[in-house]
Structure formats: structure tokens, C-alpha cells
Chemist: 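Can you read through this structure? Questions will come right after.
For the single chain, residues carry numbers from 1 onward in sequence order. Every number for a ligand or one of its atoms is a count from 1 in the order of the listing.
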Amino acid sequence: MKTILLKNRPKGKPQTSDFEFTESEKPVPQDGEVLLETKYVSVDPYLRGRMRDEKSYIEPFKLNEPVESAVVAEVVESKNEKFKKGDFLTGMLQWKEFQTNTGKGLRKVDKDKASLSAYLGVLGLTGLTAYFGLKRIGELKDGETLLVSGAAGAVGTVVGQIGKIMGCTVVGIAGTDEKVTMLTDEYGFDAAINYSKTDDMTAAIKKAAPDGIDVYFDNVGSYTLDAAMNNINRFGRVVNCGAISLYNETEQPTGPRLETTIVKKSIKMQGFIVRNFEEDFQEGIQQLGSWLQEGKLKHEETIVDGFEKIPQAFIDLFDGKNKGKMVVKV
Ligand code: NDP
């Protein structure tokens with residue numbers, strides 16, 4: 001069976017040569033353990049941060065050790081009375097085809113309620129990031145104007161849809177014409193901007209939202225954040241969810257550069273980590289699950305086939321190759 005190790009700390013954009021595949025025997029579960037077979041692996045932009053040797057909210061990956069991310073796995077053998085053969089579990093697991101685990105920190109998922117991959121996206125951490133970021137940090141209110149960047153991705157598609165469920169005007173920013181059309185035609189966004197074809201983002205946002213922005217859900221950082229701030233309304237809120245445009249940069253820009261806007265317009269800007277809301281995850285999963293069942297929420301995903309494609313699928317996030325949640329099916 002195969003395992004994927006982090007071989008080098010990437011410099012700039014990650015390369016497949018930063019990862020190494022090893023072969024070993026399938027492990028045998030001890031008392032209290034289960035043997036898990038990996039079914040779906042989540043690849044996420046935040047993993048790039050864990051590849052740096054830096055202190056953060058989560059431990060950096062160690063060199064020559066397995067990478068880990070959210071995974072859905074099947075119990076193929078159980079020596080733990082809480083789990084039986086055929087159960088599907090999700091949680092943070094290593095990039096291995098098979099692994100043993102005590103089940104601590106893993107939760108069972110029901111494949112009859114949603115597809116297994118949905119538990120890595122809309123019913124997993126990215127759905128919860130959208131839900132809690134928008135509700136608790138953005139404090140989005142019915143009828144407001146919401147702008148979201150990274151809009152066609154895993155978090156972004158859910159953010160925009162929640163905005164529509166709440167009767168808000170929603171504007172999305174994404175990197176291709178195909179994504180922009182998907183947002184307006186399939187997801188009901190009121191407008192969408194292709195940033196890769198736009199020289200003046202401030203003007204483009206103004207055109208799409210002439211009355212200004214009440215909440216900006218920022219997934220990309222940098223100049224898009226500046227342009228959003230140029231359009232923000234009084235008492236606006238900025239949800240600093242992520243800054244993918246900076247993750248592969250070796251020099252980080254200083255900032256924020258818009259203190260005057262923040263003061264003059266009484267803006268609230270706040271970052272967050274979805275795990276801050278861990279105690280309330282059940283609320284989020286329940287709400288997202290009901291919207292999904294009622295057909296109010298659509299669930300976009302890009303599924304790549306094959307364990308050996310995991311590193312490339314991760315790298316492809318930085319080239320915008322995904323629509324919705326990027327997941328690898330093993
Ligand atoms: P996505 O599914 O959105 O995938 C990444 C997308 O980012 C790509 O599809 C691409 O779309 C876009 N992108 C890549 N490079 C750039 C760039 N240089 N400038 C602008 N856009 C770029 O990933 P997620 O939904 O998983 O994550 C979205 C954001 O949310 C990330 O910043 C991530 O770190 C953050 N996050 C934060 C969490 C938290 O707890 N705070 C938890 C989970 C995610 P395009 O074609 O549009 O460029």
C-alpha cells in the first residue's frame with residue numbers, strides 16, 4: 001500500500017517533487033483500533049501553510065512524514081466496539097491507502113444522507129467555514145449586499161448560496177469566464193467578475209454593486225481586498241477567511257493599508273479559524289444538511305480519480321483548476 005510523505009518544504013508554488021510515495025505492508029489493527037481504507041481525500045489551500053516550518057494555529061508537517069488532511073475512509077476491520085466493518089468515518093487522517101486508528105476524533109458519516117465526498121465539502125470543513133464565517137464573523141443580515149472572492153471554490157460557492165438563501169444581493173469574484181457563468185446561471189449570484197480579465201477591480205465591483213458592499217468575504221487577500229475596501233459601505237464587515245493569492249509568495253506584503261477606510265467607515269475586519277466554532281459544528285452541519293435536502297443548496301465538486309493524483313490535485317488549487325470542492329477519489 002502507498003503513503004505520501006512531504007519530501008521538501010515547497011519554495012513558491014508546490015511541485016510534485018515536493019512529495020514522495022512509499023510502499024509498505026498493510027497495517028494490522030490492535031485491540032481498540034480499526035483498519036481504515038481511504039475512499040476520498042480532501043486537498044485544501046490551508047495545507048500549504050502547514051508545509052512551512054512556522055509556528056501557527058496548527059503544527060507544521062514534518063519532513064519525510066505523511067501528509068494529512070480531511071479524509072473519508074471505510075472501516076474494513078474493527079477491533080473497536082464503537083465501529084463495525086462497513087462504517088464510513090471522516091476526520092483528519094494521513095495520506096495513506098490504509099491506516100489503523102483508534103477512531104478518536106473521527107465521526108461516522110451516513111452515505112444514504114449525502115454522497116461520501118459531500119462530507120469533505122458542503123457538510124465538512126469548507127461548508128462550515130462558509131456558514132460560521134458568514135453568520136458569526138460577517139453577521140450578514142437579510143437583504144444586505146455580499147461580495148465573495150474565490151467564489152467558485154469550495155467555501156465561496158457555499159458562501160454565495162447562503163447569501164441568496166438570506167435574500168441578499170450576491171456578487172462573486174472568480175478566475176475564469178466558465179466559473180463566472182456558473183455562478184450567475186447555476187448558482188443565482190446577481191453578478192460575477194472574472195478578476196483575470198479585469199484591470200480595474202474597484203470599478204468592476206462598483207459596476208456590479210452600485211450601492212456598495214456590506215459584507216466582504218475574503219478568500220484571496222491582496223489587491224482584491226483593496227478593491228473591495230474601496231467599495232465598502234459604512235458599518236461594513238470584512239471576513240478574513242483566507243488569502244490564497246499570497247500563500248506561495250516568499251515575501252508577505254505589509255498591511256492593512258486601508259486604515260483610513262476602516263476608521264472613517266467604522267468597518268469591522270476579523271479573521272477566524274473554522275475550528276473556533278467546533279462546539280457548534282452540529283448546528284452548522286444540521287442547517288447545511290437541511291438546505292441540501294430541501295434543494296436550496298447545491299453542492300459543486302471536482303473529483304479527481306486516483307491516490308497517486310493527490311499531490312497534483314493539491315497543486316492545481318493554485319491554478320484554479322477546481323470548481324467547488326476539490327476531492328480525490330481513491
Ligand atoms: P477553493 O475551492 O476556493 O480553491 C482555491 C481557489 O482559489 C481556486 O480554485 C482558484 O480559483 C482560487 N485561486 C487560486 N490562486 C489564486 C490567486 N492567486 N488569486 C485569486 N484566487 C486564486 O479552496 P477553499 O474553498 O478550500 O478555500 C478558499 C479560501 O478559504 C482559502 O483562502 C482557504 O485558505 C480559506 N479557508 C479558510 C478556513 C478558515 O478556517 N479560516 C478554512 C477553509 C478554507 P479562481 O479560478 O477563481 O482563481
Chemist: Within ligand 1, which atoms have a heavy atom of V274 less than 4.0 Å away?
Modeler: 39 (C), 40 (O)
Chemist: Tell me whether the NZ or CZ atom of K265 lies within the 45° cone about the ring axis of F235 and under 6.0 Å from its centre.
Modeler: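 Here K265 fails the 6.0 Å and 45° test against F235.
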Chemist: Which atoms of ligand 1 have any heavy atom of V220 under 4.0 Å away?
Modeler: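 Numbered from 1, ligand 1 contributes 20 (C), 21 (N).
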Chemist: Give me the atom names and distance for the closest heavy-atom approach of D44 to T126.
Modeler: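 Answer, listing the atom of D44 first, then T126: OD2-CG2, 4.3 Å.
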Chemist: Among D316, L47, D44, V155, which one has a heavy atom closest to atom 25 (O) of ligand 1?
Modeler: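 Looking at heavy atoms only, the winner is V155.
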Chemist: Atom 10 (C) of ligand 1: which protein heavy atom is closest, and how many Å away?
Modeler: G320 CA, 3.5 Å
Chemist: Please verify whether a non-hydrogen atom of A152 lies at under 4.0 Å from ligand 1.
Modeler: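 Flag not set, A152 not near ligand 1.
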Chemist: Do R237 and E144 sit within salt-bridge range, that is, some charged N less than 4.0 Å from a carboxylate O?
Modeler: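 E144 and R237: salt-bridged.
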Chemist: Honestly, is K111 close enough over F88, meaning NZ or CZ under 6.0 Å from the six-membered ring centre and within 45° of the axis?
Modeler: no
Chemist: Between N322 and T302, is there a side-chain donor-acceptor contact under 3.5 Å, judged purely by atom types and distance?
Modeler: no
Chemist: Which protein non-hydrogen atom lies closest to atom 48 (O) of ligand 1, naming both residue and atom, and how far is it?
Modeler: Y195 OH, 2.5 Å
Chemist: According to the interplanar angle, ranging from 0 to 90°, do the rings of F277 and F132 count as parallel (below 30°), tilted (30 to 60°) or perpendicular (above 60°)?
Modeler: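 Parallel, since the angle between the ring planes stays under 30°.
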Chemist: For A243, take its heavy atoms, then give the atoms of ligand 1 lying under 4.0 Å from any of them.
Modeler: 32 (O)
Chemist: Numbering the atoms of ligand 1 from 1, which are under 4.0 Å from a heavy atom of N322?
Modeler: 1 (P), 2 (O), 4 (O), 8 (C), 9 (O)
Chemist: What residue and atom, counting heavy atoms only, is the protein's closest point to atom 15 (N) of ligand 1, and at what distance?
Modeler: F318 O, 3.6 Å
Chemist: Taking distance alone, with no angle check, do Y247 and ligand 1 share an N/O pair under 3.5 Å?
Modeler: yes
Chemist: Check ligand 1 against A154 and write out every atom of the ligand that is under 4.0 Å from a heavy-atom position of the residue.
Modeler: 1 (P), 2 (O), 3 (O), 25 (O)
Chemist: Considering only heavy atoms of G324, which atoms of ligand 1 have at least one such atom less than 4.0 Å away?
Modeler: 2 (O)
Chemist: Taking CD in E294 as the centre, count heavy atoms belonging to other residues, nucleotides or ligands within less than 6.0 Å. Is the count above 12?
Modeler: yes
Chemist: Considering heavy atoms of the protein only, find what lies nearest to atom 36 (N) of ligand 1 and give residue, atom and distance to 0.1 Å.
Modeler: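 Looking at atom 36 (N) of ligand 1, the protein heavy atom closest to it is C241 SG, 3.7 Å.
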Chemist: Should the pair R50 and F61 be classed as cation-pi, given the thresholds of under 6.0 Å to the six-membered ring centre and 45° from the axis?
Modeler: yes
Chemist: Are the side chains of N240 and F272 in touch, meaning some heavy atoms are under 4.5 Å apart?
Modeler: no
Chemist: For ligand 1, is K179 a contact, meaning one of its heavy atoms is under 4.0 Å away?
Modeler: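 Flag set, K179 near ligand 1.
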Chemist: Within the 4.0 Å heavy-atom shell around T126, which atoms of ligand 1 are there?
Modeler: 26 (O)
Chemist: With a 4.0 Å heavy-atom cut-off (strictly under), which part of T129 contacts ligand 1: side chain, backbone, both or neither?
Modeler: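 The part of T129 near ligand 1 is the side chain, not the backbone.
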Chemist: Which residue holds the protein heavy atom closest to atom 13 (N) of ligand 1, what is that atom called, and what is the gap in Å?
Modeler: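 Nearest protein contact, heavy atoms only, for atom 13 (N) of ligand 1 is I244 CG2, 3.7 Å.
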Chemist: As an exercise, identify every atom of ligand 1 less than 4.0 angstrom from a heavy atom of A174.
Modeler: 47 (O)
Chemist: Which residue holds the protein heavy atom closest to atom 47 (O) of ligand 1, what is that atom called, and what is the gap in Å?
Modeler: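 Nearest protein contact, heavy atoms only, for atom 47 (O) of ligand 1 is G175 N, 2.8 Å.
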Chemist: If hydrogens are left out, which of N219, L317, V239 has an atom nearest to atom 31 (C) of ligand 1, that is, the closest non-hydrogen atom?
Modeler: N219
Chemist: Judged on heavy-atom distance to atom 24 (P) of ligand 1, which of G153, P45, G49, G121 sits nearest?
Modeler: P45
Chemist: Would you say S196 touches ligand 1, if touching means a heavy atom closer than 4.0 Å?
Modeler: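 Distance cut 4.0 Å: S196 fails for ligand 1.
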Chemist: Which heavy atom of the protein is the closest neighbour of atom 19 (N) of ligand 1, given with residue, atom name and distance?
Modeler: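 The answer is S245 CB, 3.5 Å.
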Chemist: Mind listing the closest non-hydrogen atom pair of L292 and H299 along with its distance?
Modeler: CD1-CB, 3.9 Å
Chemist: Would you check whether F272 has a nitrogen or oxygen atom less than 3.5 angstrom from a nitrogen or oxygen atom of ligand 1?
Modeler: yes
Chemist: What heavy-atom pair brings G150 and V220 nearest, and what distance separates the two atoms?
Modeler: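 In this case the closest contact between G150 and V220 is N-CG1, 3.9 Å.
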Chemist: Looking at every heavy atom in both S149 and N219, which two are closest together, and how far apart are they?
Modeler: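 Scanning both residues, the minimum pair turns out to be O-ND2, 2.8 Å.
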Chemist: Tell me the closest heavy-atom pair linking F217 and A130, and the distance in Å.
Modeler: CE1-O, 4.1 Å
Chemist: Consider every N or O of I273 and every N or O of ligand 1, then say whether any pair is closer than 3.5 Å.
Modeler: no
Chemist: Work out which heavy atom in L5 is nearest to a heavy atom in T3; give both atom names and the distance.
Modeler: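 In terms of heavy atoms, the two residues are closest at CD2-CG2, 3.8 Å.
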Chemist: Could you tell me whether the side chain of E186 and the main chain of M182 form a donor-acceptor pair under 3.5 Å?
Modeler: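 Not at all, since once roles are kept as given, no pair shorter than 3.5 Å links the two residues.
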